[in-house]
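Below is one structure, written out as structure tokens, with a few remarks after it.
Count residues from 1 along the sequence.
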Amino acid sequence: MDLLRLQRALDRVELVSGLGIPGRGQMCIMALVACLAGEGHTDQPRTASPLIRGFAIPVNDEMPDAMRQRLKPFAPRILGTNDGRDAERAELLREALVTQILPRARLRYGPAPLQARHPLRLVERVWHRMRRGEIRRRIDRLVEQSERGLRPGQEVQLAAATGRLLALCARDASDPREADWYWGTAITLLDRMCEVGAETRTPPKIRADRLEALGPAAHRLTSDGVAAAG
């Protein structure tokens with residue numbers, strides 16, 4: 001595959017939250033994988049690792065629009081990852097959870113009393129407490145699961161839960177640098193999971209022609225996240 005041709009084809013696509021509308025040049029990361037593999041418009045491409053899919057969908061759906069476009073180069077790399085090596089990818093995720101993600105998240109989301117300094121902020125604080133409660137529950141479940149070990153068939157559940165946790169923590173972060181850490185960790189993990197088996201994998205033919213046949217997206221995002229005419 002001509003890399004320049006592939007890059008130009010990918011430039012015709014805007015990654016969006018949800019499945020997307022191909023006629024407008026809009027897809028989620030997994031629908032883009034399916035398109036490149038010559039499959040129908042779906043977020044469950046047969047060519048993709050179920051574990052990678054479980055992780056990538058919540059990350060794709062919750063990422064800010066401009067940052068989401070950074071996922072596009074992973075689409076051709078995900079082709080052919082349904083290769084029977086998800087147990088290795090799950091162990092990679094489990095190690096990252098235990099050593100990096102959970103320790104950092106638990107520092108922020110430990111038990112704390114609800115304190116409303118001003119009555120007008122009560123509703124907002126209740127909402128944040130509820131959201132943090134959800135994050136704490138996810139953390140506790142992942143801690144328990146990581147300590148107990150994975151039973152057969154739980155790998156995809158672990159990947160989806162990890163993707164959701166990273167997305168929730170990033171969206172909830174008050175400091176942009178904290179949000180960047182969680183999104184950056186998600187991108188790094190996706191990169192590492194794609195690398196598993198890459199040295200021996202023979203991916204299917206990349207159908208860049210299918211992207212070239214798409215209509216242009218209704219709008220494009222610049223690197224600053226500003227809509228530009230397409």
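- Look at Arg164 and Glu62 and you find no salt bridge, because none of the NZ, NE, NH1 or NH2 atoms lies under 4.0 Å from a carboxylate O.
- In this structure a side-chain-to-backbone donor-acceptor pair under 3.5 Å is missing from Ser49 to Asn82.
- With rounding to the nearest 0.5 Å, the separation of OG1 in Thr81 from CD1 in Ile52 is 4.0 Å.
- When all heavy atoms of Ile78 and Ala48 are compared, the pair lying nearest together is CG2-CB, 3.7 Å.
- Both Leu6 and Met30 are members of a single hydrophobic cluster when ILVMFWY side chains are connected at heavy-atom separations under 4.5 Å.
- In the hydrophobic cluster analysis, where Ile, Leu, Val, Met, Phe, Trp and Tyr join through side-chain heavy atoms closer than 4.5 angstrom, Trp181 is grouped together with Leu71.
- Put simply, CZ on Phe74 and CE on Met193 are 9.0 Å apart, with the number rounded to the nearest 0.5 Å.
- Between Asp61 and Arg68, no side-chain nitrogen of the basic residue sits less than 4.0 Å from a carboxylate oxygen of the acidic one, so the salt-bridge criterion is not met.
- Put simply, the side chain of Leu92 does not reach to within 4.5 Å of the side chain of Glu88, judged on heavy atoms.
- Atom CZ of Arg104 is separated from atom CD of Gln100 by 10.0 Å, given to the nearest 0.5 angstrom.
- The backbone N or O of Asp65 lies less than 3.5 Å from a partner atom in the side chain of Gln69, making a donor-acceptor pair.
- Here the side chain of Arg77 pairs no donor or acceptor atom with the backbone of Cys194 at under 3.5 angstrom.
- Within the 4.5 Å cutoff, the side chain of Leu190 has no heavy atoms near those of the Val59 side chain.
- Here Ile187 contributes atom CD1 and Met67 contributes atom CE; the two are 6.0 Å apart, rounded to the nearest 0.5 Å.
- Classification of Asp83 and Arg85 as a salt-bridged pair fails, no side-chain N sitting under 4.0 Å from a carboxylate O.
- Atom CD of Gln157 and atom OG1 of Thr162 lie 11.5 Å apart (nearest 0.5 Å).
- Inter-residue side-chain proximity for Glu212 and Arg5 is flagged as met; some heavy-atom pair is nearer than 4.5 Å.
- Scanning both residues, Ile206 and Pro76, for their nearest heavy atoms gives CD1-CB, 3.9 Å.
- A distance of 11.0 Å separates OH of Tyr182 from CG of Leu168, quoted to the nearest 0.5 Å.
- Contact of the Leu10 side chain with the Leu32 side chain is registered, since non-hydrogen atoms from C-beta on lie closer than 4.5 Å.
- Not a single donor-acceptor pair under 3.5 Å links the side chain of Arg207 to the backbone N or O of Ala37.
- Considering only heavy atoms from C-beta on, Ile29 stays 4.5 Å or farther from Lys72 through its side chain.
- For the pair Ile101/Thr185, a side-chain contact is recorded, criterion being any heavy-atom separation below 4.5 Å from C-beta on.
- Scanning all heavy atoms of the two residues, the minimum distance from Cys28 to Asn60 falls at CB-ND2, 3.5 Å.
- Checked for salt-bridge contact, Asp86 and Arg89 meet the test: a charged N lies under 4.0 Å from a carboxylate O.
- Summarising the geometry of His41 relative to Gly20, their closest heavy-atom pair is NE2-O, 3.1 Å, with the distance given to 0.1 Å.
- Contact check on Arg192 versus Glu195 returns no salt bridge, with no Lys/Arg side-chain nitrogen under 4.0 Å from an Asp/Glu carboxylate oxygen.
- Considering every non-hydrogen atom in both Ala173 and Ala179, the closest pair reads CB-N, 3.6 Å.
- Of the residues Val13, Val16, Leu19, the one that meets the side-chain contact (heavy atoms from CB on, under 4.5 Å) test with Gln26 is Val16.
- Side-chain atoms of Arg210 come within 3.5 Å of backbone N or O of Glu39 as a donor-acceptor pair.
- In terms of heavy-atom proximity, Thr42 sits nearest to Ala34 at O-CB, 3.6 Å.
- The backbone N or O of Val196 sits less than 3.5 Å from a side-chain atom of Arg201, completing a donor-acceptor pair.
- Residues Leu158 and Leu51 have side chains not in contact (no heavy-atom distance under 4.5 Å, counting atoms from C-beta outward).
- In this structure the side chain of Arg53 reaches within 4.5 angstrom of the side chain of Asp43, judged on heavy atoms.
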